[in-house]
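Report on the structure given below.
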2 protein chains.
Amino acid sequence: MQPDVTRLVFMKPRLREQTVTTWARLVRTETTLIDQVQRALKAAKLPPLGWYDVLLELRRAPGGELRQYEIGAQTLLTKYNLSRLVDRLQREALVERHACAEDGRGNLVRITTAGTELLQRMWPVYGAVLEQQFESRLSADDILALENILKKLG
Amino acid sequence: MQPDVTRLVFMKPRLREQTVTTWARLVRTETTLIDQVQRALKAAKLPPLGWYDVLLELRRAPGGELRQYEIGAQTLLTKYNLSRLVDRLQREALVERHACAEDGRGNLVRITTAGTELLQRMWPVYGAVLEQQFESRLSADDILALENILKKLG
DNA sequence: CCCTAATAGTTGTAGATGCAACCGGATGTG
DNA sequence: CACATCCGGTTGCATCTACAACTATTAGGG
């Protein structure tokens, strides 16, 4: 559950200049990197990142299947977006939808062989961008430091 | 100009485990924070973040006006998205479009009084989230360290 | 100058997202 | 067990975004 940010008290914010600068850089850096991944995938005629995220969650899960709401919790997708994204994945035979025995409302989404194969074709593209735009520009210490700072924001 | 990520050599990526973990956390943290800002704005019946970004760029610019492509370069918006976003802002009288004297193709976008007023109403909401979800969770040193790491990724 | 190529911006159309309303099936309380 | 409520998921509709094609203007050679 996310913190309820809709009830914050709105006083005139007194933020340090440096905070705003760093925040802006964080947003810009992240969007730029994501954008590079997306462009690389498109150039390789592969589906968008959202597909990768969902398929990866499924492949990580025991049995290669998850309830839809579990995928949503992991990927931060809303339920209606997920519903339609799974439609698209299903249409491409990358996942199957099965009725759920324990809960008559829901369904289990399972990744197919075609789905895992797609994952394997996407990873080199995704990973190459990560390697060259992210890992290679930072030291191992940088990455650890970054991890520790980000942890405080979770 | 962005690095051309569409011609990378795709070998089997050999990324350190830690790199992938940190990358995942970076993406998740940033999207969560942006999402919190968006929800706070919506709860306050204010327009989305994209409007803020454009209006802020304009207010920062000398004379409160910029060419459309200049806004695009700052905000990472594509030209067609920007074209329509400026349409919407114009419809709400937050900006004006003027023909550009030096370049007959383009136009100058200028922020209006209503536009700056909107900025002033949005900032407390935006800033409050930043203060409570970002600044208050990090030390000044953390923020500086974060800045320096992110700089290497630009 | 003229012709080509590049640039700024718009637009038609298709696809994706957001919102609210909705449909069961599950859960809890009296 | 009856009822209201909650929860997982879907869907209609409006809005927004992506892509490609287009107009109009500027810039660069020969």
Side-chain angles (χ1 to χ4, degrees), chain A residues 1-2 6 31 34-54 57 65-92 95-110, chain B residues 1-2 6 31 34-54 57 65-92 95-110:
Chain A
M1 190 46 188
Q2 307 260 22
T6 64
T31 38
I34 288 281
D35 203 64
Q36 285 170 7
V37 175
Q38 296 276 28
R39 282 187 300 130
L41 288 171
K42 190 171 313 171
K45 308 222 184 291
L46 288 166
L49 204 40
W51 291 33
Y52 185 87
D53 292 336
V54 169
E57 279 319 314
E65 62 183 15
L66 285 173
R67 295 291 303 275
Q68 236 168 260
Y69 74 92
E70 295 178 298
I71 306 175
Q74 288 299 319
T75 57
L76 307 178
L77 286 165
T78 56
K79 59 182 182 172
Y80 45 90
N81 275 335
L82 191 51
S83 180
R84 292 201 258 240
L85 176 47
V86 172
D87 284 349
R88 279 170 248 149
L89 295 173
Q90 194 176 26
R91 208 177 309 134
E92 303 293 327
V95 303
E96 295 163 349
R97 258 197 263 239
H98 298 285
C100 177
E102 300 86 49
D103 188 335
R105 295 168 295 184
N107 46 31
L108 283 165
V109 184
R110 174 151 45 201
Chain B
M1 189 47 190
Q2 307 262 24
T6 65
T31 39
I34 289 282
D35 203 66
Q36 284 169 8
V37 175
Q38 296 276 28
R39 282 188 300 130
L41 288 171
K42 190 170 312 171
K45 307 221 184 294
L46 288 166
L49 205 40
W51 291 33
Y52 186 87
D53 292 335
V54 170
E57 278 320 314
E65 62 184 15
L66 285 173
R67 295 291 302 275
Q68 237 169 261
Y69 74 91
E70 296 178 298
I71 306 176
Q74 288 299 319
T75 57
L76 308 176
L77 286 164
T78 57
K79 59 182 180 172
Y80 46 87
N81 276 336
L82 190 52
S83 180
R84 283 170 165 138
L85 176 48
V86 173
D87 285 350
R88 279 170 247 150
L89 295 173
Q90 195 176 25
R91 209 176 309 133
E92 303 292 328
V95 304
E96 293 162 351
R97 260 197 262 240
H98 298 286
C100 177
E102 301 87 50
D103 188 335
R105 295 168 295 185
N107 46 31
L108 284 164
V109 184
R110 174 152 44 200

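Below, read A as the first sequence line, B as the second, and so on, with proteins coming before strands; counting in each chain starts at 1.
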- Message: Any residue in residues 80-88 of chain A with a heavy atom nearer than 4.0 angstrom to DNA chain C? Just list them by number, or reply none.
- Response: A/Tyr80, A/Asn81, A/Arg84, A/Arg88

- Upstream residue (5' side of DNA chain C) when A/Gly104 and A/Arg91 are each assigned their closest nucleotide: A/Arg91

- Task: Provide the closest heavy-atom pair for A/Leu41 versus A/Pro47 in the form atom of the first, atom of the second, distance.
- Result: CD1-O, 3.7 Å

- Tell me, please, the opening and closing nucleotides of DNA chain D, 5' to 3', among those with an atom under 4.0 angstrom from a non-hydrogen atom of chain A. D/dC7 to D/dC19

- Note on the structure: DNA chain D nearest-nucleotide lookup for A/Lys42 and A/Gln68: closer to the 5′ end is A/Gln68

- Task: Output every pair passing side-chain hydrogen bond (donor to acceptor under 3.5 Å, both in side chains) with a member in residues 68-79 of chain B, not counting sequence neighbours, ordered by first then second residue.
- Result: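 Those involving residues 68-79 of chain B are B/Gln68-B/Arg97, B/Thr78-B/Asn81.
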
- Is any side-chain heavy atom of A/Arg84 closer than 4.5 Å to a side-chain heavy atom of A/Arg88?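 In short, these two side chains touch, coming nearer than 4.5 Å.
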
- Item | A/Val86 and A/Val95, any side-chain heavy atoms less than 4.5 Å apart |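 Yes, at least one pair of side-chain atoms sits under 4.5 Å.
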
Straight-line distance of [X] [atom1] to [Y] [atom2], nearest 0.5 Å:
X: A/Leu85; Y: A/Gln90; atom1: CG; atom2: CD; value: 11.5 Å
X: A/Asp35; Y: A/Lys42; atom1: CG; atom2: NZ; value: 8.0 Å
X: B/Ile34; Y: B/Leu49; atom1: CD1; atom2: CG; value: 5.5 Å
X: B/Leu108; Y: B/Cys100; atom1: CG; atom2: SG; value: 4.5 Å
X: A/Trp51; Y: A/Leu46; atom1: CH2; atom2: CG; value: 10.5 Å

- Just the endpoints, please: which first and last nucleotides of DNA chain C, 5' to 3', lie under 4.0 Å from a heavy atom of chain A?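 The protein-touched segment is C/dA16 to C/dA26.
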
- Item | Residue among B/Val54, B/Leu82, B/Ile71, B/Leu89 satisfying side chain to side chain contact (heavy atoms under 4.5 Å, CB included) with B/Val109 | B/Ile71

- Task: Note down the inter-axis angle between the two ends of the helix from C/dC1-D/dG30 to C/dG30-D/dC1, five pairs each, to the nearest 10°.
- Result: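 If I round to tens, the end axes sit 30° apart.
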
- Write out all pairs satisfying salt bridge (Lys or Arg N to Asp or Glu O under 4.0 Å) with one or both partners inside residues 100-110 of chain B, taking only residues at least two apart or from two chains. B/Glu65-B/Arg110, B/Arg67-B/Asp103, B/Asp103-B/Arg105

- Query: Any ion pair linking A/Arg91 and A/Asp87 (charged N to carboxylate O, less than 4.0 Å)?
  - Reply: no

- Non-neighbouring partners of B/Glu57 that pass side-chain hydrogen bond (donor to acceptor under 3.5 Å, both in side chains), sequence neighbours left out: none

